[in-house]
Number of protein chains: 2
Amino acid sequence: MISGKFAITIHILTLLHKFPNDYLSSEFIAGSINLNPVLVRKEIANLKAHHIVESKEGKNGGTKLAVNAAELTLKQIFEMTFESIGLGFAKNQPNPDCPVGKNINQHLEVLYSEMNQNVSKQLEAISLEDFSNQF
Amino acid sequence: MISGKFAITIHILTLLHKFPNDYLSSEFIAGSINLNPVLVRKEIANLKAHHIVESKEGKNGGTKLAVNAAELTLKQIFEMTFESIGLGFAKNQPNPDCPVGKNINQHLEVLYSEMNQNVSKQLEAISLEDFSNQF
DNA sequence: TAAATTTGTAACATATTTTATTACAGTATG
DNA sequence: CATACTGTAATAAAATATGTTACAAATTTA
């Protein structure tokens with residue numbers, strides 16, 4: 001899961017923020033995202049690993065937020081779901097006998113790293129609460 | 001082609017900048033990128049459509065830069081190969097009967113649009129010449 | 001304590017996207 | 001006219017993302 005991971009996760013978190021007192025089931029959440037509940041549970045597993053949510057198994061179980069939405073930033077969500085932004089690399093290892101091929105990936109990495117810092121600063125300024133309160 | 005398009009294109013352009021007097025063949029370029037020559041020609045077709053390079057068909061043909069490398073910015077290359085940056089969307093249309101589902105994509109679009117402006121500003125400050133001269 | 005409901009997870013299936021290959025017509029060079 | 005390129009379409013293969021099925025384990029509630 002790459003393309004949808006951030007979007008799905010922030011969707012889940014927004015729902016949890018809207019219902020702070022309930023344990024929401026993966027099926028309910030899946031109905032809002034229009035996604036298979038198993039995939040929702042997989043993203044929740046990721047959130048749990050980062051101690052962002054807590055789940056309850058069994059009947060009437062589900063998931064709820066475990067952190068203050070005002071203190072959770074989009075940067076953190078980004079890092080949990082995307083690692084890093086960038087414009088990609090060619091699939092195959094470039095020719096090491098060519099001065100350009102030998103060094104291109106290293107130079108791209110530097111460039112992308114700067115992009116990440118840039119975007120991270122922006123996302124750091126937005127909390128889940130900010131995002132959720134737009135709705 | 002998504003993941004590699006920008007990287008391949010800037011690789012091509014860097015090579016063309018290093019050999020400003022030659023028409024480089026797609027096979028030569030492909031050898032540096034370690035990529036099928038047909039895919040190189042496809043990216044070159046994109047560059048030609050943007051009047052960044054010119055090609056000569058026939059024997060001893062190939063491609064060379066058609067612009068001043070000092071005036072071509074990475075932002076322009078980004079726009080020719082990536083349209084826009086972002087953190088993706090869920091694949092399926094979210095539930096329109098849910099207040100969150102109904103509006104999430106619109107809010108994500110705004111967020112991603114801000115990211116784009118941010119990154120574009122950064123990439124605008126770097127020319128192909130700057131990038132190529134690192135090698 | 002039994003039935004119902006939900007998470008957690010693995011295994012597998014399908015769909016989508018990316019990358020690679022083959023083929024060949026068209027064009028310029030020598 | 002032989003050679004070596006580009007341009008492009010059609011197809012194949014590989015990689016990745018998404019979806020489905022299945023079921024054990026946990027918890028609630030009757």
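In what follows, chains carry the letters A, B, and so on, assigned in the order in which the sequence lines appear, proteins first and then strands, with residues in each chain numbered from 1.
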Could you check how far [atom1] of [X] sits from [atom2] of [N], rounded to whole Å?
X: A:Y23; N: D:dT27; atom1: OH; atom2: C1'; value: 12 Å
X: A:N36; N: D:dA17; atom1: CG; atom2: C1'; value: 13 Å
X: B:K48; N: D:dG7; atom1: NZ; atom2: C1'; value: 8 Å
X: B:L35; N: C:dT18; atom1: CG; atom2: P; value: 14 Å
X: A:R41; N: D:dT18; atom1: CZ; atom2: C1'; value: 15 Å
X: A:E43; N: D:dA17; atom1: CD; atom2: P; value: 12 Å
X: B:K91; N: D:dT20; atom1: NZ; atom2: C1'; value: 12 Å
X: A:E27; N: C:dT7; atom1: CD; atom2: P; value: 8 Å

Query raised in the report: If you look at every strand shown and take non-hydrogen atoms under 4.0 Å, does B:N60 touch a base, only sugar-phosphate, or nothing?
Result: sugar-phosphate

Report task. Scan A:T63 against the nucleic acid and name what it touches under 4.0 Å (heavy atoms): base, sugar-phosphate only, or nothing. Result -> nothing

Report task. Could you tell me the separation between the CG atom of A:L39 and the NZ atom of A:K5, rounded to the nearest 0.5 Å? Result -> 10.5 Å

**Report entry** Value rounded to 0.5 Å, distance of CD1 in A:I85 from CG in A:L123
**Finding:** 7.5 Å

**Report entry** Toward the 5' end of DNA chain D, by each residue's nearest nucleotide, A:P37 or A:E57
**Finding:** A:P37

Report summary line: Of B:G61 and B:F89, the one whose closest nucleotide on DNA chain D sits nearer the 5' end is B:G61

I want to verify a distance call: between [options], whose nearest atom is closest to the [X] side chain?
X: A:N92; options: C:dA20, D:dT3, C:dT7; value: C:dA20
X: A:S25; options: C:dT9, C:dT7, D:dG7; value: C:dT7
X: B:S26; options: C:dA20, D:dT6, D:dG19; value: D:dT6

Report summary line: By nearest-heavy-atom nucleotide on DNA chain C, the more 5' of B:N34 and A:I44 is A:I44

Query raised in the report: Which pair of heavy atoms, one from A:V100 and one from B:K18, lies closest together, and at what distance?
Result: CG2-CG, 4.2 Å

Query - Any side-chain heavy-atom pair of B:N133 and B:H17 under 4.5 Å - result: yes

Report task. Evaluate the ring planes of B:H107 and A:F135, with Trp represented by its six-membered ring, and classify them as parallel (under 30°), tilted (30 to 60°) or perpendicular (over 60°). Result -> perpendicular

